[in-house]
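Just so you know, these numbers come straight off a predicted model, no measurement behind them. Protein chains get the first letters and strands the later ones, always in sequence-line order, with residue 1 at the start of each.
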Protein chains: 2
Amino acid sequence: MNGMSAYAALAEPHRRRILDLLRTGERPAGELVEHLDLSQPGVSKHLKVLREAGLVAVRTHGKQRVYSLRPEPLAEVAEWLEPYRMLWSQRLDALERHLEDNP
Amino acid sequence: MNGMSAYAALAEPHRRRILDLLRTGERPAGELVEHLDLSQPGVSKHLKVLREAGLVAVRTHGKQRVYSLRPEPLAEVAEWLEPYRMLWSQRLDALERHLEDNP
DNA sequence: CGTTCATATTGCCATACGGCTATATGAAGG
DNA sequence: CCTTCATATAGCCGTATGGCAATATGAACG
């Protein structure tokens with residue numbers, strides 16, 4: 001199975017949700033299943049994708065597999081987005097100016 | 001055909017490249033084809049996806065279809081990323097500290 | 001109005017994706 | 001060891017994706 005880019009990994013809503021859940025701290029896989037309205041194997045599959053994209057890491061603790069966030073690939077995405085930032089803020093500024101002129 | 005999320009639209013490298021090309025200004029579709037090592041219909045298909053995701057807009061100018069960037073959906077992605085930012089900078093700070101201590 | 005140029009759409013194909021159920025694996029505990 | 005609990009893998013299926021070649025569309029211009 002070949003690794004997915006961070007971009008592709010983020011395309012799936014359940015996977016973004018998993019990352020959101022891990023943002024507050026590490027969690028065993030089972031806890032993720034509870035929060036996801038998705039079968040256990042389904043979650044496991046998504047976790048594999050996230051692992052291969054380098055977005056999460058696993059640690060074995062007793063019978064549990066504890067997942068934690070690995071945010072570095074997100075930094076790359078954010079970097080790609082950076083040059084666009086001025087474009088949308090330009091637009092928002094224009095909107096603000098428009099609203100000022102037409103209150 | 002149903003609209004794709006910005007996240008999903010960004011999953012495809014050619015589509016990110018198209019956005020990068022449009023970042024410097026609007027361009028007719030043909031010009032994008034020249035830059036993309038992809039068939040003309042292929043590019044057209046990706047442009048359709050980007051249109052449906054609200055990431056580009058088209059304007060007809062003579063025989064040409066001129067595409068321009070519409071960055072707002074990217075702002076949404078950036079917003080989602082925001083809470084993660086502190087996590088990877090934390091990590092980088094830790095790295096810096098480590099390097100200071102072990103020069 | 002018929003042709004030309006630029007682009008979009010269609011049809012087709014192979015492969016990937018995301019979901020499920022059933023089964024395998026592997027650590028703990030008795 | 002044998003069982004149990006937690007998770008991963010396998011196998012299967014329907015649909016989506018991304019690519020191409022061929023064709024349709026639509027504006028401009030003679």
Any side-chain heavy-atom pair of Leu55(A) and Ile18(A) under 4.5 Å:
no
Axis-to-axis angle for the helix from dC1(C)-dG30(D) to dG30(C)-dC1(D), ends of five pairs each, to 10°, equals 10°
Expected list for residues 16-24 of chain A near DNA chain C, using heavy atoms below 4.0 Å, is none
Query raised in the report: In terms of hydrophobic clustering (I, L, V, M, F, W, Y; side-chain heavy atoms under 4.5 Å; direct or indirect links), are Leu87(B) and Val66(A) co-clustered?
Result: no
**OP:** Using a 4.5 Å cut-off on heavy atoms from C-beta on, say whether the side chain of Tyr67(A) contacts that of Leu21(A).
**Re:** no
In whole angstroms, the gap separating C1' of dT17(D) from CG of Leu50(B) amounts to 14 Å
Do Trp80(B) and Leu19(A) make a side-chain contact, defined as non-hydrogen atoms from C-beta onward lying under 4.5 Å apart? yes
CD (Glu72(B)) and OH (Tyr84(A)) are apart, to the nearest 0.5 Å, by 13.5 Å
When rounded to whole Å, the CD to C1' distance for the pair Glu52(A) and dA16(C) reads 13 Å
Tell me, do Arg59(B) and Ser68(B) make a side-chain contact under 4.5 Å, heavy atoms counted? no
Numerically ordered, the residues 35-47 of chain B set in heavy-atom contact under 4.0 Å with DNA chain C is Gln40(B), Pro41(B), Ser44(B), Lys45(B)
Whichever of Ala11(A) and Ala29(B) has the more 5' nearest nucleotide on DNA chain C, that residue is Ala29(B)
task: Please examine the side chains of Glu52(A) and Met4(A), heavy atoms only from C-beta on, and report whether any two atoms are closer than 4.5 Å.
output: no
When rounded to whole Å, the CZ to C1' distance for the pair Arg59(B) and dA6(C) reads 15 Å
Run the side-chain donor-acceptor check on residues 28-40 of chain B: report pairs under 3.5 Å with partners two or more places apart or on a different chain.
residue  : atom : partner  : partner atom : Å
Glu31(B) : OE2  : Arg27(B) : NH1          : 2.7
Ser39(B) : OG   : Gly42(B) : N            : 3.0

Would you say dG26(C) has OP1 or OP2 under 4.0 Å from some side-chain N or O of Arg65(A)? no
For nucleotides 24-28 of chain D, which of its nitrogen or oxygen atoms have a protein nitrogen or oxygen under 3.5 Å away, and what is each distance?
residue : atom : partner  : partner atom : Å
dA27(D) : O3'  : Gly62(B) : O            : 3.4

* Asked: Leu47(B) versus Val58(B): any side-chain heavy-atom pair under 4.5 Å?
  -> no
side-chain contact (heavy atoms from CB on, under 4.5 Å) test vs Leu50(B) passes for just one of Arg70(B), Arg15(B), Lys45(B), namely Arg15(B)
- Message: Would you say that Tyr7(A) contacts Tyr7(B) through its side chain, given a criterion of any heavy-atom pair below 4.5 Å between the two side chains?
- Response: no
Mind checking whether Arg85(A) and Leu81(A) have side chains closer than 4.5 Å, heavy atoms only?
no
Atom CZ of Arg15(B) and atom C1' of dG18(D) are separated, to the nearest Å, by 9 Å
When rounded to whole Å, the CD to P distance for the pair Glu12(A) and dA16(C) reads 18 Å
Taken to the nearest whole Å, CG/Leu10(A) to C1'/dC17(C) is 16 Å
For Arg51(B), the salt bridge (charged side-chain N to carboxylate O under 4.0 Å, His left out) test, sequence neighbours excluded, returns none
dist Glu26(B):CD -> His61(B):NE2 (nearest 0.5 Å) comes out at 9.0 Å
Whole-Å distance, Lys48(B) NZ to dA16(D) P, equals 14 Å
* To do: Answer yes or no: does a side-chain N or O of Tyr67(B) lie under 4.0 Å from OP1 or OP2 of dA6(C)?
  => no
